[in-house]
Amino acid sequence: MARLKIATFNINGIRARQDALLEWLEREQPDIACLQELKAPDEAFPQAELERIGYGALWHGQKSWNGVAILARGSKPEEQRRGLPNDPDESQSRYLEADVQGLRVACLYLPNGNPWPGPKFDYKLAWFARLRTHASKLLKDDVPTILCGDFNVVPTDELDIYNPASWRKDALLQPESREAWFALLGQGWTDAIRAVHGDARIYTFWDYFRKHWDRDAGLRIDHLLLSPSLAPLLRDAGVDRWVRGQPGASDHAPTWVELDTTAKATRVGRARAESSARSATSIARASVAKGRGAGKTASAGAEGAATRKAGAASVTKTVARPAKTASARTRSATVAPAPTGANAPKGGTKLATKAVKVRKALKATKATKATKPTKGAKA
DNA sequence: ATGTCTGAAGTTTTCAGA
(Lines give C-alpha, C1' and ligand atoms only; values in the text may rest on other atoms or scores of the structure.)
Protein backbone atom coordinates (compact mmCIF):
# COMPACT_ATOMS: atom_id res chain seq x y z
CA MET A 1 0.00 0.00 0.00
CA ALA A 2 1.57 3.27 -1.10
CA ARG A 3 1.20 6.01 1.46
CA LEU A 4 1.69 9.62 0.61
CA LYS A 5 2.32 11.95 3.53
CA ILE A 6 1.52 15.59 2.88
CA ALA A 7 2.27 18.22 5.52
CA THR A 8 1.80 21.93 6.08
CA PHE A 9 4.03 23.95 8.40
CA ASN A 10 4.05 27.67 9.19
CA ILE A 11 7.73 27.93 9.93
CA ASN A 12 7.77 31.60 11.05
CA GLY A 13 11.08 32.51 9.43
CA ILE A 14 12.97 29.95 7.37
CA ARG A 15 16.36 31.49 8.12
CA ALA A 16 15.82 31.50 11.86
CA ARG A 17 14.60 27.90 11.75
CA GLN A 18 16.45 26.19 8.96
CA ASP A 19 17.96 23.58 11.28
CA ALA A 20 14.56 22.85 12.81
CA LEU A 21 13.11 22.41 9.32
CA LEU A 22 15.82 19.98 8.25
CA GLU A 23 15.48 17.99 11.48
CA TRP A 24 11.72 17.70 11.05
CA LEU A 25 11.99 16.63 7.39
CA GLU A 26 14.60 14.00 8.15
CA ARG A 27 12.65 12.61 11.07
CA GLU A 28 9.11 12.62 9.64
CA GLN A 29 9.95 12.22 5.95
CA PRO A 30 6.87 13.88 4.47
CA ASP A 31 6.59 13.27 0.73
CA ILE A 32 5.27 16.77 0.22
CA ALA A 33 5.64 19.75 2.56
CA CYS A 34 4.02 23.16 2.27
CA LEU A 35 5.71 25.98 4.17
CA GLN A 36 4.40 29.41 5.10
CA GLU A 37 5.86 32.58 6.56
CA LEU A 38 9.29 32.14 5.05
CA LYS A 39 10.02 35.80 5.89
CA ALA A 40 12.87 35.76 3.42
CA PRO A 41 13.55 37.06 -0.09
CA ASP A 42 13.84 34.48 -2.88
CA GLU A 43 17.64 34.56 -2.92
CA ALA A 44 17.82 33.56 0.76
CA PHE A 45 15.87 30.31 0.31
CA PRO A 46 17.98 27.31 1.41
CA GLN A 47 17.60 25.35 -1.82
CA ALA A 48 20.98 23.59 -1.63
CA GLU A 49 20.48 22.43 1.95
CA LEU A 50 17.07 20.98 1.09
CA GLU A 51 18.39 19.24 -2.00
CA ARG A 52 21.15 17.74 0.08
CA ILE A 53 18.54 15.85 2.11
CA GLY A 54 16.55 14.87 -0.96
CA TYR A 55 13.91 17.59 -1.36
CA GLY A 56 13.18 19.53 -4.51
CA ALA A 57 11.54 22.89 -3.89
CA LEU A 58 9.52 25.68 -5.35
CA TRP A 59 9.24 28.95 -3.48
CA HIS A 60 7.64 32.34 -3.62
CA GLY A 61 9.27 34.68 -1.15
CA GLN A 62 9.33 38.37 -0.39
CA LYS A 63 11.39 40.63 1.82
CA SER A 64 10.55 40.43 5.54
CA TRP A 65 7.05 38.98 5.50
CA ASN A 66 4.87 36.19 4.14
CA GLY A 67 6.40 33.75 1.66
CA VAL A 68 5.32 30.20 0.76
CA ALA A 69 7.09 27.10 -0.53
CA ILE A 70 6.30 23.56 -1.70
CA LEU A 71 8.84 20.80 -1.09
CA ALA A 72 8.77 17.33 -2.68
CA ARG A 73 10.87 14.36 -1.69
CA GLY A 74 12.74 13.05 -4.72
CA SER A 75 11.32 15.45 -7.28
CA LYS A 76 10.79 19.08 -8.12
CA PRO A 77 7.22 20.37 -7.89
CA GLU A 78 5.90 21.55 -11.26
CA GLU A 79 4.66 25.07 -10.83
CA GLN A 80 1.06 25.72 -11.87
CA ARG A 81 0.56 29.19 -10.50
CA ARG A 82 1.88 31.75 -8.03
CA GLY A 83 -0.62 34.17 -6.56
CA LEU A 84 -4.40 33.90 -6.91
CA PRO A 85 -6.21 35.07 -10.06
CA ASN A 86 -7.43 38.68 -10.02
CA ASP A 87 -5.31 39.78 -7.09
CA PRO A 88 -5.04 43.56 -7.30
CA ASP A 89 -2.05 43.52 -4.93
CA GLU A 90 0.66 41.16 -6.13
CA SER A 91 3.16 42.33 -3.53
CA GLN A 92 2.17 39.74 -0.90
CA SER A 93 3.50 36.21 -1.48
CA ARG A 94 0.76 34.02 -0.10
CA TYR A 95 -0.17 31.43 -2.71
CA LEU A 96 1.74 28.81 -4.66
CA GLU A 97 0.32 25.87 -6.60
CA ALA A 98 2.17 22.93 -8.10
CA ASP A 99 1.76 19.39 -9.40
CA VAL A 100 3.55 16.71 -7.39
CA GLN A 101 3.15 12.97 -7.95
CA GLY A 102 -0.09 13.41 -9.85
CA LEU A 103 -1.62 15.68 -7.23
CA ARG A 104 -2.31 19.37 -7.40
CA VAL A 105 -0.89 20.94 -4.25
CA ALA A 106 -1.95 24.43 -3.22
CA CYS A 107 0.09 26.07 -0.48
CA LEU A 108 -1.52 29.12 1.04
CA TYR A 109 -0.98 31.67 3.76
CA LEU A 110 -4.27 33.41 4.33
CA PRO A 111 -4.02 36.95 5.73
CA ASN A 112 -4.24 37.10 9.52
CA GLY A 113 -6.72 39.99 9.39
CA ASN A 114 -5.92 41.67 12.70
CA PRO A 115 -6.76 44.16 13.99
CA TRP A 116 -10.48 43.57 13.62
CA PRO A 117 -12.34 45.48 12.33
CA GLY A 118 -10.32 47.39 9.78
CA PRO A 119 -8.66 47.35 6.38
CA LYS A 120 -6.56 44.30 7.19
CA PHE A 121 -9.66 42.32 8.04
CA ASP A 122 -11.29 43.49 4.80
CA TYR A 123 -8.20 42.35 2.94
CA LYS A 124 -8.49 38.94 4.60
CA LEU A 125 -12.10 38.49 3.47
CA ALA A 126 -11.32 39.69 -0.06
CA TRP A 127 -8.39 37.27 -0.27
CA PHE A 128 -10.61 34.47 1.02
CA ALA A 129 -13.20 35.26 -1.67
CA ARG A 130 -10.55 35.03 -4.39
CA LEU A 131 -9.42 31.71 -2.93
CA ARG A 132 -12.99 30.35 -3.04
CA THR A 133 -13.41 31.39 -6.64
CA HIS A 134 -10.20 29.68 -7.64
CA ALA A 135 -10.90 26.59 -5.49
CA SER A 136 -14.28 26.09 -7.14
CA LYS A 137 -12.61 26.17 -10.53
CA LEU A 138 -10.20 23.43 -9.42
CA LEU A 139 -13.18 21.29 -8.42
CA LYS A 140 -15.06 22.04 -11.62
CA ASP A 141 -12.03 20.99 -13.64
CA ASP A 142 -11.91 17.78 -11.58
CA VAL A 143 -8.29 18.27 -10.52
CA PRO A 144 -7.30 15.96 -7.61
CA THR A 145 -6.26 18.70 -5.22
CA ILE A 146 -5.13 19.32 -1.67
CA LEU A 147 -5.38 22.85 -0.31
CA CYS A 148 -3.05 23.27 2.63
CA GLY A 149 -1.71 26.02 4.74
CA ASP A 150 -2.26 28.52 7.50
CA PHE A 151 -5.86 29.61 6.96
CA ASN A 152 -5.87 31.89 10.00
CA VAL A 153 -9.38 30.66 10.88
CA VAL A 154 -10.45 28.80 14.03
CA PRO A 155 -13.47 26.91 12.67
CA THR A 156 -15.37 26.37 15.94
CA ASP A 157 -15.33 27.52 19.56
CA GLU A 158 -15.78 24.01 20.93
CA LEU A 159 -13.14 21.89 19.22
CA ASP A 160 -10.56 24.19 17.74
CA ILE A 161 -9.44 26.50 20.56
CA TYR A 162 -8.62 26.06 24.24
CA ASN A 163 -10.90 28.91 25.30
CA PRO A 164 -12.43 31.45 22.95
CA ALA A 165 -13.12 34.10 25.62
CA SER A 166 -9.92 36.07 25.23
CA TRP A 167 -10.01 35.77 21.42
CA ARG A 168 -13.50 37.15 20.82
CA LYS A 169 -12.25 40.27 19.10
CA ASP A 170 -9.59 38.45 17.13
CA ALA A 171 -9.89 38.16 13.36
CA LEU A 172 -9.37 34.38 13.58
CA LEU A 173 -12.74 33.83 15.30
CA GLN A 174 -14.99 36.37 13.60
CA PRO A 175 -18.26 35.02 12.15
CA GLU A 176 -17.27 36.42 8.74
CA SER A 177 -14.02 34.44 8.83
CA ARG A 178 -15.89 31.28 9.77
CA GLU A 179 -18.57 31.87 7.17
CA ALA A 180 -15.87 32.12 4.52
CA TRP A 181 -14.34 28.88 5.82
CA PHE A 182 -17.62 26.95 5.76
CA ALA A 183 -18.50 28.37 2.37
CA LEU A 184 -15.22 26.97 1.07
CA LEU A 185 -15.92 23.56 2.66
CA GLY A 186 -19.39 23.70 1.13
CA GLN A 187 -17.89 23.48 -2.33
CA GLY A 188 -17.07 19.85 -1.49
CA TRP A 189 -13.73 19.98 0.33
CA THR A 190 -13.02 17.60 3.23
CA ASP A 191 -11.36 18.98 6.36
CA ALA A 192 -8.92 16.08 6.83
CA ILE A 193 -8.11 16.55 10.53
CA ARG A 194 -11.81 16.63 11.42
CA ALA A 195 -12.60 13.67 9.18
CA VAL A 196 -10.04 11.51 11.00
CA HIS A 197 -10.41 12.83 14.54
CA GLY A 198 -14.12 13.54 14.87
CA ASP A 199 -14.76 15.36 18.14
CA ALA A 200 -11.20 15.40 19.43
CA ARG A 201 -9.64 18.73 20.27
CA ILE A 202 -6.73 19.29 17.93
CA TYR A 203 -4.44 22.30 17.94
CA THR A 204 -1.77 23.36 15.47
CA PHE A 205 -0.70 26.74 16.89
CA TRP A 206 0.26 27.97 20.35
CA ASP A 207 1.23 31.60 20.54
CA TYR A 208 4.35 32.76 22.32
CA PHE A 209 2.42 34.70 24.95
CA ARG A 210 1.30 33.65 28.37
CA LYS A 211 2.97 30.23 28.35
CA HIS A 212 0.38 28.95 25.91
CA TRP A 213 2.48 25.96 24.90
CA ASP A 214 3.15 24.90 28.50
CA ARG A 215 -0.59 25.08 29.17
CA ASP A 216 -1.52 23.43 25.85
CA ALA A 217 -3.60 26.54 25.15
CA GLY A 218 -3.71 26.11 21.39
CA LEU A 219 -5.72 26.91 18.30
CA ARG A 220 -6.39 24.91 15.14
CA ILE A 221 -5.68 27.21 12.22
CA ASP A 222 -3.50 25.09 9.92
CA HIS A 223 -5.68 22.98 7.66
CA LEU A 224 -5.54 20.42 4.86
CA LEU A 225 -8.55 20.21 2.55
CA LEU A 226 -9.09 17.31 0.16
CA SER A 227 -11.00 17.47 -3.10
CA PRO A 228 -13.76 14.84 -3.51
CA SER A 229 -11.50 12.64 -5.61
CA LEU A 230 -8.88 12.53 -2.84
CA ALA A 231 -11.14 12.28 0.22
CA PRO A 232 -11.71 8.50 -0.13
CA LEU A 233 -7.94 7.97 -0.06
CA LEU A 234 -7.56 9.57 3.39
CA ARG A 235 -6.07 7.13 5.91
CA ASP A 236 -4.64 9.24 8.69
CA ALA A 237 -3.96 12.80 9.82
CA GLY A 238 -2.15 14.39 12.72
CA VAL A 239 0.05 17.08 14.19
CA ASP A 240 3.80 16.73 14.82
CA ARG A 241 3.58 18.35 18.22
CA TRP A 242 7.13 17.48 19.17
CA VAL A 243 8.34 20.18 16.77
CA ARG A 244 6.53 22.88 18.77
CA GLY A 245 8.20 21.66 21.95
CA GLN A 246 11.75 22.17 20.65
CA PRO A 247 13.78 25.12 21.93
CA GLY A 248 13.27 28.18 19.73
CA ALA A 249 10.37 26.57 17.83
CA SER A 250 7.92 28.23 15.47
CA ASP A 251 4.58 29.03 17.09
CA HIS A 252 2.97 26.46 14.74
CA ALA A 253 3.46 22.69 14.53
CA PRO A 254 3.53 20.71 11.27
CA THR A 255 0.13 19.23 10.41
CA TRP A 256 -0.22 16.33 7.99
CA VAL A 257 -2.35 13.76 6.18
CA GLU A 258 -1.61 10.33 4.78
CA LEU A 259 -3.31 9.24 1.58
CA ASP A 260 -3.40 5.71 0.23
CA THR A 261 -2.57 6.34 -3.39
CA THR A 262 -3.11 2.73 -4.42
CA ALA A 263 -6.72 2.78 -3.23
CA LYS A 264 -9.22 3.18 -6.01
CA ALA A 265 -11.38 6.23 -5.71
CA THR A 266 -14.50 4.23 -6.52
CA ARG A 267 -17.60 5.93 -7.74
CA VAL A 268 -19.41 4.88 -4.56
CA GLY A 269 -16.69 6.13 -2.23
CA ARG A 270 -16.50 9.35 -4.10
CA ALA A 271 -20.23 9.97 -4.03
CA ARG A 272 -20.23 9.26 -0.30
CA ALA A 273 -17.45 11.70 0.37
CA GLU A 274 -19.18 14.36 -1.68
CA SER A 275 -22.55 13.94 -0.04
CA SER A 276 -21.12 13.86 3.48
CA ALA A 277 -19.12 17.01 2.82
CA ARG A 278 -22.18 18.69 1.35
CA SER A 279 -24.58 17.85 4.15
CA ALA A 280 -22.07 18.65 6.87
CA THR A 281 -21.33 22.01 5.43
CA SER A 282 -24.88 22.99 4.68
CA ILE A 283 -25.73 22.42 8.35
CA ALA A 284 -22.71 24.40 9.50
CA ARG A 285 -23.40 27.16 7.04
CA ALA A 286 -27.03 27.48 8.03
CA SER A 287 -26.15 27.64 11.70
CA VAL A 288 -23.47 30.27 11.14
CA ALA A 289 -25.96 32.39 9.23
CA LYS A 290 -28.57 31.91 11.96
CA GLY A 291 -26.03 32.71 14.66
CA ARG A 292 -25.20 36.05 13.15
CA GLY A 293 -28.70 37.27 13.74
CA ALA A 294 -29.16 35.57 17.10
CA GLY A 295 -25.89 36.61 18.70
CA LYS A 296 -22.56 35.00 19.35
CA THR A 297 -23.56 32.46 21.96
CA ALA A 298 -26.21 30.91 19.75
CA SER A 299 -23.87 30.96 16.82
CA ALA A 300 -21.13 29.21 18.70
CA GLY A 301 -23.42 26.46 19.99
CA ALA A 302 -25.19 25.74 16.75
CA GLU A 303 -22.03 25.83 14.76
CA GLY A 304 -20.31 23.46 17.14
CA ALA A 305 -23.15 20.98 16.91
CA ALA A 306 -23.09 21.11 13.15
CA THR A 307 -19.38 20.58 13.05
CA ARG A 308 -19.55 17.62 15.39
CA LYS A 309 -22.01 16.08 12.97
CA ALA A 310 -19.72 16.95 10.10
CA GLY A 311 -16.79 15.29 11.76
CA ALA A 312 -18.69 12.15 12.69
CA ALA A 313 -20.19 11.81 9.22
CA SER A 314 -16.85 12.17 7.56
CA VAL A 315 -15.24 9.62 9.84
CA THR A 316 -17.74 6.90 9.13
CA LYS A 317 -18.12 7.65 5.48
CA THR A 318 -14.75 8.65 4.18
CA VAL A 319 -12.22 6.86 6.34
CA ALA A 320 -11.95 3.19 5.58
CA ARG A 321 -10.34 2.45 8.95
CA PRO A 322 -12.50 2.93 12.06
CA ALA A 323 -12.03 6.48 13.30
CA LYS A 324 -11.33 5.33 16.84
CA THR A 325 -8.38 3.23 15.76
CA ALA A 326 -6.95 5.87 13.48
CA SER A 327 -7.40 8.52 16.12
CA ALA A 328 -5.83 6.57 18.96
CA ARG A 329 -2.98 5.44 16.79
CA THR A 330 -2.29 8.93 15.56
CA ARG A 331 -2.32 10.42 19.01
CA SER A 332 0.03 7.88 20.42
CA ALA A 333 2.32 8.29 17.46
CA THR A 334 2.38 12.04 17.20
CA VAL A 335 1.60 13.62 20.54
CA ALA A 336 4.71 14.82 22.30
CA PRO A 337 5.31 14.07 25.96
CA ALA A 338 2.39 15.78 27.59
CA PRO A 339 2.92 19.42 28.33
CA THR A 340 1.92 20.26 31.88
CA GLY A 341 -1.67 21.37 32.17
CA ALA A 342 -5.17 20.03 32.28
CA ASN A 343 -5.74 20.45 28.57
CA ALA A 344 -3.09 17.97 27.56
CA PRO A 345 -4.76 15.46 25.23
CA LYS A 346 -5.19 12.00 26.64
CA GLY A 347 -4.08 9.27 24.32
CA GLY A 348 -6.47 6.40 23.89
CA THR A 349 -9.56 8.19 25.16
CA LYS A 350 -12.54 6.76 23.36
CA LEU A 351 -14.09 9.01 20.80
CA ALA A 352 -17.58 8.39 22.12
CA THR A 353 -16.59 9.35 25.65
CA LYS A 354 -14.93 12.45 24.30
CA ALA A 355 -18.02 13.43 22.37
CA VAL A 356 -20.15 13.19 25.49
CA LYS A 357 -17.64 15.30 27.40
CA VAL A 358 -17.65 17.96 24.72
CA ARG A 359 -21.43 18.08 24.74
CA LYS A 360 -21.49 18.36 28.53
CA ALA A 361 -18.89 21.09 28.45
CA LEU A 362 -20.88 22.89 25.81
CA LYS A 363 -24.06 22.64 27.87
CA ALA A 364 -22.26 24.04 30.89
CA THR A 365 -20.85 26.89 28.81
CA LYS A 366 -24.29 27.76 27.51
CA ALA A 367 -25.79 27.77 30.98
CA THR A 368 -23.05 30.08 32.23
CA LYS A 369 -23.43 32.41 29.32
CA ALA A 370 -27.18 32.58 29.67
CA THR A 371 -26.90 33.97 33.18
CA LYS A 372 -23.74 35.96 32.75
CA PRO A 373 -23.35 38.16 29.66
CA THR A 374 -20.02 37.89 27.86
CA LYS A 375 -17.48 40.26 29.28
CA GLY A 376 -16.12 42.61 26.67
CA ALA A 377 -12.68 44.16 26.92
CA LYS A 378 -12.53 47.13 29.22
CA ALA A 379 -12.63 50.47 27.47
C1' DA B 1 -4.10 45.08 28.95
C1' DT B 2 -0.62 41.98 28.76
C1' DG B 3 2.39 38.67 26.79
C1' DT B 4 6.86 36.88 22.82
C1' DC B 5 9.01 36.24 18.71
C1' DT B 6 11.15 37.62 13.78
C1' DG B 7 13.19 40.75 10.68
C1' DA B 8 14.19 45.58 9.35
C1' DA B 9 16.56 49.77 9.93
C1' DG B 10 20.73 51.25 11.33
C1' DT B 11 23.38 51.13 15.22
C1' DT B 12 22.89 48.81 20.64
C1' DT B 13 17.38 50.25 20.41
C1' DT B 14 12.87 50.64 18.30
C1' DC B 15 9.39 49.32 15.23
C1' DA B 16 5.71 46.54 12.65
C1' DG B 17 3.47 42.31 12.03
C1' DA B 18 1.68 38.29 13.89
Side-chain angles (χ1 to χ4, degrees), chain A residues 8-24 34-46 59-69 89-95 107-128 149-154 160-174 176-177 180-181 203-223 241 243-255 339-341 343 374-379:
Chain A
T8 181
F9 182 21
N10 180 323
I11 193 167
N12 189 14
I14 196 167
R15 281 179 290 190
R17 269 177 270 281
Q18 183 177 306
D19 292 346
L21 172 64
L22 296 177
E23 188 188 350
W24 167 64
C34 293
L35 306 178
Q36 302 86 35
E37 281 208 82
L38 303 178
K39 293 186 174 178
D42 280 340
E43 58 271 22
F45 189 85
W59 61 97
H60 181 25
Q62 80 180 69
K63 197 178 169 189
S64 311
W65 317 119
N66 307 318
V68 286
D89 174 14
E90 307 250 318
S91 67
Q92 301 199 27
S93 302
R94 296 180 174 277
Y95 188 89
C107 173
L108 62 101
Y109 175 46
L110 215 134
N112 173 292
N114 279 306
W116 168 86
K120 291 194 174 179
F121 188 68
D122 298 341
Y123 178 72
K124 174 181 198 160
L125 296 183
W127 201 96
F128 219 144
D150 178 355
F151 283 72
N152 271 314
V153 176
V154 173
D160 304 306
I161 184 167
Y162 66 103
N163 175 7
S166 55
W167 294 80
R168 274 289 165 238
K169 299 190 171 198
D170 195 284
L172 278 54
L173 276 73
Q174 293 313 307
E176 290 92 341
S177 305
W181 165 257
Y203 306 138
T204 67
F205 163 86
W206 299 256
D207 77 19
Y208 293 125
F209 307 164
R210 293 162 285 190
K211 301 196 181 297
H212 274 176
W213 169 248
D214 295 334
R215 294 163 41 212
D216 193 26
L219 284 65
R220 187 172 76 102
I221 57 177
D222 301 277
H223 307 295
R241 291 174 57 113
V243 176
R244 182 62 181 83
Q246 300 283 89
S250 164
D251 39 6
H252 296 249
T255 306
T340 57
N343 272 336
T374 316
K375 268 190 212 160
K378 279 150 213 156

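Letters go in sequence order (proteins before strands), and every chain restarts at 1.
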Tabulated below should be each protein N or O lying under 3.5 Å from an N or O of nucleotides 2-4 of chain B; please produce it.
residue : atom : partner : partner atom : Å
B:dT2   : N3   : A:R210  : NH1          : 3.3
B:dG3   : N2   : A:R210  : NH1          : 3.4
B:dG3   : N2   : A:R210  : NH2          : 3.1
B:dT4   : O4'  : A:Y208  : O            : 3.2

Separation of B:dG7 C1' from A:E43 CD (nearest whole Å): 14 Å

Any A:K63 side-chain nitrogen or oxygen under 4.0 Å from OP1 or OP2 of B:dA9: yes

Separation of the C1' atoms in B:dG10 and B:dA16, to the nearest angstrom: 16 Å

Closest to the A:E37 side chain, choosing from B:dT6, B:dA8, B:dA18: B:dA18

A:D170: side chain to side chain donor-acceptor pair (under 3.5 Å) partners, not counting sequence neighbours: A:N114

Euclidean distance for P, B:dT14 against B:dA1 (whole angstrom): 23 Å

Interatomic distance, A:Q62 CD vs B:dT6 P [rounded to whole Å]: 19 Å

For A:L219, the option from A:W206, A:Y203, A:Y162 that meets side chain to side chain contact (heavy atoms under 4.5 Å, CB included): A:Y162

Under-4.0 Å side-chain N/O to phosphate OP1/OP2 contact, A:R17 with B:dC5: no

Proximal nucleotide (of B:dA18, B:dG7, B:dT6) relative to the A:N12 side chain: B:dT6

Separation of the C1' atoms in B:dG3 and B:dA8, to the nearest angstrom: 22 Å

d(CD1, A:I14; C1', B:dG7) in whole Å: 15 Å

